[in-house]
Amino acid sequence: MSEFAPICIYLVISPLVSLIPLGVPFPFASNSSTYPEKLSAYECGFDPFGDARSRFDIRFYLVSILFIILDPEVTFSFPWAVPLNKIDPFGSWSMMAFLLILTIGSLYEWKRGASDRE
């Protein structure tokens, strides 16, 4: 049981470390109902004149999805940034396969015109 003591301590301390900063502001916060200006609508100093739920073009979502897909690529490339003489052939070929899949996906995206700004 003593071998699990550090894990148990971690499981007790980590929620406290994350929840204490969330709870500290509440005793010092003022009641916002005393300030009606804070409850009023605000858009550049005047009342809003349109619906806030306007439709977005699908390209905005596409750019965000492409970012989410291509962002882990950097994370997977970091371990490969060691000297090549320290990587075994399996590691080298697996990285080449990853880069090939990434290149095929980028070419597919380019061919489909997902990154066009029209």
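Keep in mind it's a predicted model, so treat the numbers as computed, not measured.
Note that CD1 of Ile104 and CG of Leu99 are 11.0 Å apart. Values are rounded to the nearest 0.5 Å. Considering CG of Leu16 and CG of Leu11, their distance stands at 11.5 Å, rounded to 0.5 Å. Taking CD1 of Ile9 as the start and CZ of Phe4 as the end, the distance is 13.5 Å to the nearest 0.5 Å. Of the inter-residue distances, the one linking Thr103 atom OG1 with Met96 atom CE reads 10.0 Å to the nearest 0.5 angstrom. Taking CH2 from Trp93 and CG from Leu100, the interatomic distance works out to 10.5 Å, rounded to the nearest 0.5 Å.
Both Ile20 and Phe28 belong to a common hydrophobic cluster when Ile, Leu, Val, Met, Phe, Trp and Tyr are linked at side-chain heavy-atom distances under 4.5 angstrom.
Using modelled atom types, one side-chain atom of Ser18 and one backbone atom of Ser14 make a donor-acceptor pair closer than 3.5 Å.
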